[in-house]
Amino acid sequence: MSDSPVLRSLPGQRWEGIDLLDYKPSGSAPFKSISRQVLIGDDTLACELRYFEIAAGGHSTLERHEHAHGVLVLSGRGACLVGRDVAPIGVQDLVRIPPWTWHQFRADPDSALGFLCMVNRERDRPVLPTESDLEALRADPAIAAFVRP
Ligand code: MN
């Protein structure tokens with residue numbers, strides 16, 4: 001990472017000196033068409049600021065964990081599941097994900113979805129749903145229509 005205090009934005013939701021990374025190691029969890037950039041990851045901070053971009057039709061992992069997330073949508077359109085709420089999201093919407101809450105993000109079929117995500121630097125690993133967790137979630141038709149396990 002560059003030593004300059006200012007990292008200029010670049011076309012295509014990129015930033016100078018910031019690597020474009022895989023969302024997660026491939027095969028470690030179900031997901032589709034997401035990239036990750038760690039925008040602020042300074043050792044002296046207790047949190048990290050990441051930028052995720054989900055390509056049209058893609059989705060993040062359905063998961064939960066002890067740590068919380070704070071999300072700000074920067075570009076595009078999509079939807080999210082947080083707990084038992086499914087909601088459309090767009091530019092400048094905020095999404096707050098409390099500890100141990102099931103969550104998943106999806107881009108619309110015709111739009112990418114880009115968002116900032118603030119998270120603790122030191123955090124527990126995400127837990128994936130069991131078959132019985134999925135069954136319980138799918139008892140709600142809105143959630144059943146949304147989730148991509
Ligand atoms: Mn998460």
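Atoms within a ligand are numbered from 1 in the order they appear, just like the ligands themselves.
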- Task: Specify which N/O/S atom of Glu63 comes nearest to the Mn ion (ligand 1), by atom name.
- Result: OE2

- Message: Are Phe52 and Tyr23, when compared by the centres of their aromatic rings, separated by less than 6.0 Å?
- Response: yes

- Message: Under a 4.0 Å threshold between the charged nitrogen and the carboxylate oxygen, would Arg14 count as salt-bridged to Glu53?
- Response: no

- Axial cation check for Tyr51 ring with Arg36, 6.0 Å and 45° limits: no

- Query: Does Asp110 come within less than 4.0 Å of Arg77, counting only side-chain N to carboxylate O?
  - Reply: yes

- Item | Whether Cys117 has an N, O or S atom under 2.8 Å from the Mn ion (ligand 1) | no

- Assess His103: does it contribute an N, O or S atom lying under 2.8 Å from the Mn ion (ligand 1)? yes

